[in-house]
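I have placed the structure first, in the form of structure tokens, so that the comments after it can refer back to it.
Each chain gets a letter, A, B and so on, in the order the sequences are listed, and its residues count up from 1. These numbers were taken from a predicted model, which means no experiment stands behind them.
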Amino acid sequence: MIYSRALNEALHRALGEDARVVVLGEDISDPYGGAFKVSRGLTTAFPDRVKTTPVSEQAIAGISAGLALGGYRPIAEVMFGDFLSLCFDQLLNHITKYHAMYAGQVTCPVMFRAPMGGHRGYGPTHSQSIEKHFLGIPHLRVVAASPYHEPYDAFADFLAKDDPVLFVEHKLLYPKHITAPTDGRVGELLASHAGSEGVLPSVCLSLVPREECALTIVAYGYEALLAASVVEKLGMEDELFCELVVPAQIAPVDFAPIDASVSATRRLLTVEEGTAGWSWGDRVAASIQRSHFGRLAKPVEVLASQPTVIPGARRLEQEMLVGAHHIEQKIREALS
Amino acid sequence: MIYSRALNEALHRALGEDARVVVLGEDISDPYGGAFKVSRGLTTAFPDRVKTTPVSEQAIAGISAGLALGGYRPIAEVMFGDFLSLCFDQLLNHITKYHAMYAGQVTCPVMFRAPMGGHRGYGPTHSQSIEKHFLGIPHLRVVAASPYHEPYDAFADFLAKDDPVLFVEHKLLYPKHITAPTDGRVGELLASHAGSEGVLPSVCLSLVPREECALTIVAYGYEALLAASVVEKLGMEDELFCELVVPAQIAPVDFAPIDASVSATRRLLTVEEGTAGWSWGDRVAASIQRSHFGRLAKPVEVLASQPTVIPGARRLEQEMLVGAHHIEQKIREALS
Amino acid sequence: MEAFQPDPRLFGRPADDLDARYYRRMRFIRRFEEKLLQLFEEGILAGTTHCSIGQEADAVAVMAHLEPGDHAFSNHRCHGHYLARTGDALGLYAEIMGKDAGVCRGIGGSQHICAPGFKSNGIQGGIVPTAAGIAWAQKLSKSNDVSVVFIGDGTLGEGAVYETLNIAQLWSLPLWIVLEDNGWSQSTPLAANFAGDMRMRFEAFGLPVSEIESTDVKAIDEVVAADVARVRETRTPHVTILHTYRLCNHSKSSDARPEEEVKARWATEPLVIHAPRLDGGAREAIDADVESALDEVIEHARALP
Amino acid sequence: MEAFQPDPRLFGRPADDLDARYYRRMRFIRRFEEKLLQLFEEGILAGTTHCSIGQEADAVAVMAHLEPGDHAFSNHRCHGHYLARTGDALGLYAEIMGKDAGVCRGIGGSQHICAPGFKSNGIQGGIVPTAAGIAWAQKLSKSNDVSVVFIGDGTLGEGAVYETLNIAQLWSLPLWIVLEDNGWSQSTPLAANFAGDMRMRFEAFGLPVSEIESTDVKAIDEVVAADVARVRETRTPHVTILHTYRLCNHSKSSDARPEEEVKARWATEPLVIHAPRLDGGAREAIDADVESALDEVIEHARALP
Ligand SMILES: Cc1ncc(C[n+]2csc(CCOP(=O)(O)OP(=O)(O)O)c2C)c(N)n1
Ligand SMILES: Cc1ncc(C[n+]2csc(CCOP(=O)(O)OP(=O)(O)O)c2C)c(N)n1
Ligand SMILES: [Mg+2]
Ligand SMILES: [Mg+2]
């Protein structure tokens with residue numbers, strides 16, 4: 001099933017199974033069903049608990065906060081993740097603060113769904129992956145949609161816990177089929193789940209067993225898909241073997257599966273589509289250089305997009321955003 | 001001269017010398033002169049170009065953007081840095097984008113002055129150091145007030161270049177005397193300037209020459225002051241010698257002075273007051289582990305505050321925010 | 001709302017008549033804050049705090065009409081609102097003192113207070129959509145509770161407020177906005193912060209508005225009683241504008257308002273207006289009650305770990 | 001403003017009478033966008049784009065009254081505004097095609113356009129304070145330039161707009177807000193997005209408002225001519241509400257509006273209204289001019305690297 005469809009079904013299911021779930025966002029009413037159609041059918045099926053909102057991102061976030069404090073489980077669709085910038089105050093100074101600031105008297109479990117990412121020529125304000133600015137907000141969990149994880153699991157995780165969650169959905173995943181590991185494989189790749197208790201598991205992918213891999217790659221979202229294709233290609237064509245670790249939860253980082261892989265490979269490359277500089281991978285590198293000090297064969301490499309605006313022109317966008325060719329080049333460097 | 005006074009004089013000077021400078025912010029009119037009195041006298045001396053604003057952070061940022069596009073040099077005072085969260089969209093999707101997005105046709109040189117930091121019992125929404133979320137916004141320069149740097153230099157740097165700047169002022173610096181290096185010293189410490197061409201220089205402080213130091217510390221803002229006191233104490237009392245590098249510009253990082261120091265000491269500790277996780281030091285660590293791979297005696301250590309809300313109670317705040325005792329402990333660990 | 005039992009010396013007894021009860025509660029808030037400022041003077045307290053001296057009538061009148069299931073949201077100037085809602089002097093003193101027995105265990109401090117049915121935050125305007133969200137929750141739950149949020153005149157500068165007005169009206173949320181216009185925003189007079197017409201700011205979104213310029217708790221009581229009843233019954237939003245005045249400084253330090261202006265307002269502060277309705281003996285008894293109760297509370301709070 | 005010389009076949013000649021000039025410019029914008037949508041169909045273009053088919057009269061009338069030093073701010077639906085301001089068809093086609101010769105070298109793309117005296121951005125409402133900032137710059141510079149910003153009805157949801165209204169009025173900025181109310185915000189009808197009274201949304205801040213429901217460029221012209229003159233002379237803000245209709249989809253893909261509703265509006269679109277004022281021959285000549293000029297431009301643009 002393609003990702004956007006699975007997401008839509010997951011929303012239907014969450015609303016159906018849990019009466020606390022409320023969905024709100026811009027232009028989500030039927031028949032339109034949201035800019036990416038992920039919310040199709042929801043206002044029809046659950047008219048009381050699903051509401052299209054005015055173009056008011058601060059209020060969407062703040063109203064969600066109130067709903068959550070009031071015992072509900074709001075899932076807010078932010079039309080483009082780029083607009084999360086307008087929710088930043090609500091996230092930083094309200095939603096993620098209430099629980100700790102009020103000494104545990106309340107919880108504020110809001111989930112934001114935010115379509116991020118480029119490669120579609122949408123230009124500077126509709127193509128970004130701005131999650132890096134939200135990583136490290138104390139008490140915020142950030143989860144990334146992935147081609148190897150069922151979206152419902154992210155909702156179930158949100159509904160089972162009591163924290164706010166930012167769910168980052170790369171737009172290019174929407175039309176892609178979900179290929180969660182089955183029988184220990186994803187296509188040609190060996191696949192397994194790994195991770196710490198209570199955290200959404202990471203998926204580990206490799207052509208050969210970990211012990212034969214010379215490099216660990218961690219990548220999330222759409223970049224995980226690109227990285228997997230490169231891992232497969234380089235393994236098949238050049239016998240360059242890597243293990244790819246694809247987390248669902250990207251903040252806080254679950255280091256267990258990364259540690260385990262790096263212990264075997266002694267090399268690490270992080271890959272993300274956000275711009276370089278205080279990016280997701282910087283945190284991973286800062287931690288791994290410490291926990292694996294003296295045991296790495298190479299320094300940790302962080303691959304991220306160029307720190308500038310994302311051009312509208314596809315030819316410029318391709319140079320600027322991390323693509324498969326950039327990943328391939330980095331892998332070759334790391335293994336050279 | 002104490003920092004807030006020097007800052008006030010620097011603003012007077014900038015307004016006086018450069019007719020492009022405009023100052024705006026909440027409650028900055030005389031006689032009040034701003035919540036921290038840094039803007040005292042400005043509305044009286046320059047009534048046309050200094051304006052107190054309504055409580056409207058988004059508009060303050062956006063209007064500043066327009067002024068800058070119109071050829072002026074706005075310096076916006078954000079009453080508490082915590083409220084920069086409300087300027088986030090203007091900073092990310094407008095101010096820092098205009099130049100690159102419009103292919104260089106315009107510049108948008110806005111400066112935000114943001115009092116940050118805790119240790120004063122102001123509680124969860126008035127004590128934060130949230131600059132970490134703004135580090136890595138492409139095309140944004142972040143500069144931190146420091147006890148060893150004259151504030152006017154930051155303004156001069158802003159006026160001489162064409163980029164937006166976030167100027168982070170730790171509140172506890174306001175009543176402190178500025179002790180810029182004179183005759184190669186700051187008090188008991190040897191002091192020198194270092195840095196790349198065109199970047200505000202870092203200040204390097206140590207009790208003994210670099211070659212005799214076993215650890216490099218990088219710290220900015222108020223934490224630099226704390227770190228300096230610990231460096232002095234440990235050197236005097238225990239002959240544990242460190243070199244402290246205090247940058248003015250914290251993003252993009254000028255790695256040259258850090259590199260030079262670490263080349264000698266082979267150990268690095270970063271110190272900041274912001275919360276841990278995707279913090280300033282993570283970026284420094286990610287870079288240094290790479291550029292000094294195989295030459296470090298210890299992994300890079302990142303010291304930041306606990307990733308939670310900042311309590312109002314002083315006794316709780318002291319446990320949570322990085323203080324001198326935390327720095328001392330980390331140094332001792334690094335040198336053990 | 002948990003059954004916190006306020007001290008009758010501070011909050012009154014069921015048998016009290018309304019005049020006495022309102023006097024007592026206003027006096028309680030007034031003396032609570034005056035003593036708080038004294039504690040600051042003595043260096044017992046850290047940080048800063050925003051007192052509501054002169055505005056006690058608003059808090060007392062509004063909170064008198066809330067039911068346990070209702071939800072009140074406040075701002076930086078929250079002591080009066082909190083005390084009028086809960087009567088919990090010890091929890092608030094202890095909180096501001098940073099004690100573990102504080103209502104938020106010392107984490108929230110003066111501006112960030114929570115109790116069942118009450119919340120405040122220090123970011124102007126940002127809690128207004130939250131209040132609307134609770135109102136929506138109340139509506140979804142088919143209760144007849146309401147959500148009330150206090151804002152100040154200066155907070156009309158914040159965009160989040162307008163985003164919320166639109167949605168509250170559009171979705172018919174039981175949101176009651178109480179605007180305390182004290183003419184000043186920190187050091188800035190209304191005229192330097194505000195353009196246009198205050199009432200129209202809300203009417204433009206279709207919200208009905210009541211408005212009163214008074215520090216008389218009974219006059220305010222009459223207005224707010226009708227307003228909250230309207231919200232409760234119609235499940236639609238309403239705005240009440242209370243034109244009032246703040247007699248203390250904005251926060252701990254001076255806010256540079258003209259001395260003469262402030263002085264003149266002491267002649268019409270809520271206690272001065274309301275006190276003559278009680279006979280001298282009754283008043284003195286209440287004053288003595290409040291004094292002894294608060295002193296006990298402070299002693300208790302100071303002794304806490 | 002740099003002296004870009006638009007093609008007279010698209011923009012008209014000084015000698016042209018007003019009816020002809022307005023017809024030509026509206027026709028130019030209409031055909032520019034229709035051809036643009038065709039290029040998308042052909043797969044020549046990436047991304048998405050927001051056309052203004054049906055709203056050309058607004059752009060043409062407003063821009064006709066701007067001086068070189070004035071500054072116009074637009075939004076996602078910026079082609080008409082840009083073309084009416086500059087006449088630069090090649091720059092915009094090349095931009096949307098992602099060519100280096102594009103007005104922003106292909107970086108901005110369809111929504112993020114800049115030329116001397118013109119800027120647009122894709123974040124709803126966020127450019128409104130920027131427009132106010134330029135207005136303040138104009139005022140500080142003691143010019144008699146004005147700053148005009150276009151917003152849509154949906155954008156009235158954004159808080160930044162209200163923060164700016166207050167300040168623009170408070171500080172008397174020469175800011176002209178042109179609200180194009182086309183009744184829809186993407187897929188959402190006004191009634192599902194908007195509570196209260198549109199005119200009052202501005203009047204509540206003290207801003208004077210003119211309002212017209214029309215797609216007749218001459219009727220609109222009359223209103224906006226007076227409005228811009230007022231802003232220019234008084235150096236104070238003004239709001240013009242243009243009730244109009246969008247005939248094309250919100251963006252490239254369908255926006256699920258009722259077909260019947262859209263169809264009915266084709267009967268009153270600006271060209272239908274205005275065309276009869278020209279005699280048939282003149283009209284055909286203009287149509288032919290526009291067609292050949294645009295086809296040349298497209299050919300040129302497509303051949304660019
Ligand atoms: C978002 C935000 N901006 C600015 C402030 C600083 N601040 C605290 S109170 C205040 C004035 C508020 O005035 P008003 O709303 O009239 O309430 P009053 O203080 O008069 O009760 C300001 C500007 C803040 N706390 N939050
Ligand atoms: C901050 C922000 N929120 C949401 C969007 C997505 N969006 C683009 S156009 C639009 C509708 C705008 O409607 P309106 O203001 O009426 O302008 P129109 O499209 O009708 O011209 C929306 C919601 C955006 N671009 N920016
Ligand atoms: Mg006030
Ligand atoms: Mg519209």
Quick one: what part of [X] sits under 4.5 Å from any heavy atom of chain A, side chain, backbone, both or neither?
X	answer
D:Asp100	both
D:Gln124	side chain
D:Ser254	backbone
D:Arg257	neither

Review point. Got A:His126 and D:Gln111 here, is their nearest side-chain heavy-atom distance under 4.5 Å?
Key: yes

Review point. Are any of the side-chain heavy atoms of D:His112 and A:Val309 separated by less than 4.5 Å?
Key: no

Using heavy-atom distances under 4.5 Å, tell me whether [X] contacts chain D through its side chain, its backbone, both, or neither.
X	value
A:Ile28	neither
A:Phe83	side chain
A:Thr53	backbone

Check your understanding: If you take all heavy atoms of A:Ser56 and D:Gly157, which pair is closest and at what distance?
Key -> OG-O, 2.7 Å

Review point. For chain A, which of D:Gly106, D:Ala46, D:Ser110 has the most heavy-atom pairs under 4.5 Å?
Key: D:Gly106

Study note, to complete from the structure: Max heavy-atom pairs within cutoff under 4.5 Å with chain D, candidates A:Arg315, A:Gln58, A:Met320, goes to A:Arg315

Exercise for review: With a 4.5 Å cut-off on heavy-atom pairs, point out which of A:Ala313, A:Ser29, A:Pro124 contacts chain D the most.
Suggested key: A:Pro124

Point to revise | Side-chain donor/acceptor of A:Arg314 to backbone N/O of D:Gly98, under 3.5 Å | key: no

Exercise for review: To the nearest 0.5 Å, tell me how far D:Ser253 OG sits from A:Tyr32 OH.
Suggested key: 5.0 Å

Study note, to complete from the structure: Interatomic distance, CG@A:Asp27 vs NE2@D:His250, rounded to 0.5 Å, equals 7.0 Å

Review point. Around atom CD of D:Glu42, are there more than 12 heavy atoms of other residues, nucleotides or ligands at under 6.0 Å?
Key: yes

